[in-house]
Amino acid sequence: MKPKKVAFFLSQFPTLTETFILNQITFLIRQGIEVHVFSLYKGDFEKLHSQFLEYDLENKVTYIAEIPKNLLQRIQDTFSFLRKEWSQKLFVALAHCLNPFEFGLSGLKLSYFLYYSRMHFIKDFDLIHVHFGNMGVFFSKFYSKKLLGSVPFLVSFHGYDLVPNQTEINRRRYRRMFISSKLFTVNSFYTRTLLEKVDSSIVQRIRLLPESLDTSLFDNSQYSGTINQGNIFRLVYVGRLVGWKGADRAIDIIEKLVKDYDLKNIELTIIGKGPLQMDLEKMVTEKGLKNQVKLIGGQDQSTIKSILGLSDLFFYTGRKELKTERSENQGLVLMEAQAMGLPVVAFDVGGIKEGIIDGETGILVDSEDIEAFSKTVFSLLLDKPNRLSMGIAASEYVKKSFEQTVFCNQLLEIYREFL
């Protein structure tokens with residue numbers, strides 16, 4: 001049975017980095033399904049995807065954690081809600097939400113009851129799609145007490161919710177959610193392996209659902225003939241500026257290309273924001289690479305596409321973080337780059353290999369071999385026919401294997417299985 005009303009339960013909305021969620025929402029709307037987003041917090045409204053505006057999503061979202069800071073105002077809001085929606089069930093919900101053993105001091109301060117007041121109508125939907133394990137934990141606190149009806153919900157895992165060195169912690173953290181949730185989706189076989197390590201008993205309830213993209217939005221034909229103007233090789237890196245994403249290694253590789261390979265006519269654009277921004281800027285200055293490396297912060301999808309369209313090669317320089325053992329689970333941006341006809345050179349970590357055909361659409365390099373990575377980039381830049389043929393193969397591969405329509409239809413099948 002096809003659902004008529006689907007609720008998405010998120011931590012933050014909208015965000016520039018979670019286009020896969022936006023893709024799912026807009027696909028369902030196009031299928032005639034009513035979608036509403038329940039988000040804890042407001043996301044970044046400074047730069048918005050065109051789809052957010054096109055589908056008027058600002059009027060399809062409720063922000064759960066938008067509650068007064070003043071306790072007196074919280075009390076007033078609580079009584080106002082009780083008067084408006086009076087029923088015996090509300091007083092039961094209030095008693096549960098005040099329980100300090102369940103919700104801590106925040107419960108006594110009415111925080112959780114006011115959260116409940118903003119999302120209580122979620123019970124009117126056919127199913128609830130929760131993204132990320134931590135939000136599944138939050139939702140399960142209410143669901144397990146039957147405060148939100150009995151609407152089935154599924155949880156999608158994406159990566160940061162399954163950090164490898166937190167397996168035992170997650171086993172305890174997700175226990176109630178594993179009982180309450182009907183199904184789970186993962187974005188790669190690598191993510192599936194991590195989830196199965198947390199609880200092998202849920203294996204039969206896990207479904208593979210890779211992040212996908214609308215390939216029609218990644219048309220590189222308008223950039224044909226404009227690449228490599230001025231005889232400059234343009235490289236691009238896209239990702240959050242955090243340690244395991246490896247933007248620092250991209251800068252190290254550029255340094256090698258400039259100093260060891262005497263390849264000075266290169267330019268690396270680093271797109272993304274994060275806590276390492278200032279450190280990376282300092283690194284660029286100290287290495288004397290201001291003419292070769294540009295950090296331009298976070299950008300909307302249209303800007304990223306235009307930069308990809310004018311580039312020669314895409315970098316993925318992530319690593320497995322020593323302390324947490326965390327690495328990339330899928331990497332949707334690699335698919336976006338390939339859709340734009342860019343070959344990829346990537347370190348072989350996490351689930352990266354699941355999105356590249358090694359030797360055909362890109363080249364995988366041992367995760368610790370910066371020298372081999374630099375040599376591979378140098379060879380590809382100087383071998384234009386090979387680079388262009390790889391780019392064509394990359395575009396065809398993504399259109400065939402990661403087209404949004406295919407996986408969104410798969411999502412619909414998962415929903416039907418639910419219902």
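All residue numbers refer to positions in the sequence shown, counting from 1.
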Quick one about [Y] and [X] (side-chain donor to acceptor, distance below 3.5 Å, no hydrogens or angles considered), yes or no?
X: Arg74; Y: Ser111; answer: yes
X: Tyr143; Y: Ser150; answer: no
X: Thr215; Y: Glu403; answer: yes
X: Asn134; Y: Tyr160; answer: yes
X: Gln73; Y: Asp77; answer: yes

Report task. Check each of Phe178, Tyr174, Phe132 against Phe184 using the ring pair (Phe, Tyr, Trp, His ring centres under 6.0 Å) test, and report the only one that passes. Result ->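 Single ring pair (Phe, Tyr, Trp, His ring centres under 6.0 Å) partner of Phe184 among Phe178, Tyr174, Phe132: Phe178.
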If you measure from the Lys or Arg side-chain nitrogens to the Asp or Glu carboxylate oxygens, is any gap between [X] and [Y] under 4.0 Å?
X: Lys287; Y: Asp252; answer: yes
X: Glu196; Y: Arg192; answer: yes
X: Asp248; Y: Arg319; answer: yes
X: Arg416; Y: Glu413; answer: yes
X: Arg387; Y: Asp312; answer: yes

**Report entry** Evaluation steps, side chain to side chain donor-acceptor pair (under 3.5 Å), between Glu18 and His158
**Finding:** CA-CA 10 Å; Glu18 294 176 359; His158 299 282; over 6 Å; no
Query - Aromatic ring pairing Phe81/Tyr116, orientation class (parallel under 30°, perpendicular over 60°, tilted between) - result: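 Answer is perpendicular, since the angle exceeds 60°.
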Query - Whether Tyr112 and Tyr115 hold their rings parallel, tilted or perpendicular, with breakpoints at 30° and 60° - result: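 Aromatic pair Tyr112/Tyr115 classed perpendicular.
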Report task. Would you sort out whether Glu321 and Thr324 count as a side chain to side chain donor-acceptor pair (under 3.5 Å), showing the intermediate values? Result -> CA-CA 6 Å; Glu321 192 173 53; Thr324 66; 2.5 Å; yes
Query raised in the report: Can you list the steps and then say if Lys145 with Glu102 is a side-chain contact (heavy atoms from CB on, under 4.5 Å)?
Result: CA-CA 11 Å; Lys145 301 296 181 182; Glu102 183 69 44; 3.7 Å; yes
Query raised in the report: Hey, mind stepping through Ile307 and Ile296 against side-chain contact (heavy atoms from CB on, under 4.5 Å) and telling me if it holds?
Result: CA-CA 11 Å; Ile307 294 172; Ile296 64 171; 3.5 Å; yes
Is there a side-chain contact between [X] and [Y], using heavy atoms and a 4.5 Å cut-off?
X: Gln292; Y: Leu268; answer: no
X: Ile304; Y: Asp300; answer: no
X: Thr26; Y: Glu54; answer: no
X: Val238; Y: Ile270; answer: no

Report task. Kindly indicate, with the supporting measurements, whether the criterion ring pair (Phe, Tyr, Trp, His ring centres under 6.0 Å) is fulfilled by His131 and Phe8. Result -> CA-CA 8 Å; His131 277 276; Phe8 277 72; 5.7 Å; yes
Query raised in the report: Among all residues two or more places apart in sequence or in another chain, which pass the ring-ring contact (aromatic ring centres under 6.0 Å, His included) test with Phe347?
Result: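 Partners of Phe347 by the ring-ring contact (aromatic ring centres under 6.0 Å, His included) criterion, ordered by chain and then number, come out as Phe373.
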Report task. Please say whether more than 12 non-hydrogen atoms of neighbouring residues, nucleotides or ligands are located less than 6.0 Å from NZ in Lys123. Result ->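 Check passes, neighbour count above 12.
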**Report entry** Derivation and outcome, side chain to side chain donor-acceptor pair (under 3.5 Å), residues Thr376 and Ser379
**Finding:** CA-CA 5 Å; Thr376 298; Ser379 299; over 6 Å; no
Query raised in the report: Could you walk me through whether Phe38 and Phe121 pass the ring pair (Phe, Tyr, Trp, His ring centres under 6.0 Å) check?
Result: CA-CA 10 Å; Phe38 293 83; Phe121 67 96; 5.0 Å; yes
Query raised in the report: Please walk me through it: do Tyr397 and Lys400 pass side-chain contact (heavy atoms from CB on, under 4.5 Å)?
Result: CA-CA 5 Å; Tyr397 164 63; Lys400 180 181 178 181; 6.0 Å; no
Query - Phe13 six-ring centre to Lys42 NZ/CZ under 6.0 Å and within 45° of normal - result: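 Not satisfied by the 6.0 Å and 45° rule.
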**Report entry** Lys NZ or Arg CZ of Lys182 over Phe153 ring: under 6.0 Å, within 45°
**Finding:**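 Relative to the ring axis of Phe153, which defines the angle, Lys182 lies outside at least one limit.
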Report task. Apply side-chain contact (heavy atoms from CB on, under 4.5 Å) to the pair Arg234 and Thr269, showing each step before the final yes or no. Result -> CA-CA 8 Å; Arg234 292 182 172 86; Thr269 300; over 6 Å; no
Requested in this report: Would you mind telling me which of Thr191, Asn187, Thr185 makes a side chain to side chain donor-acceptor pair (under 3.5 Å) with Ser156?
Outcome: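 Of the listed residues Thr191, Asn187, Thr185, the side chain to side chain donor-acceptor pair (under 3.5 Å) partner of Ser156 is Thr185.
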Report task. Might you point out which heavy atoms bring Ala346 and Ile352 nearest each other, and give the distance in Å? Result ->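 What the structure gives for the nearest pair is CB-CG2, 4.0 Å.
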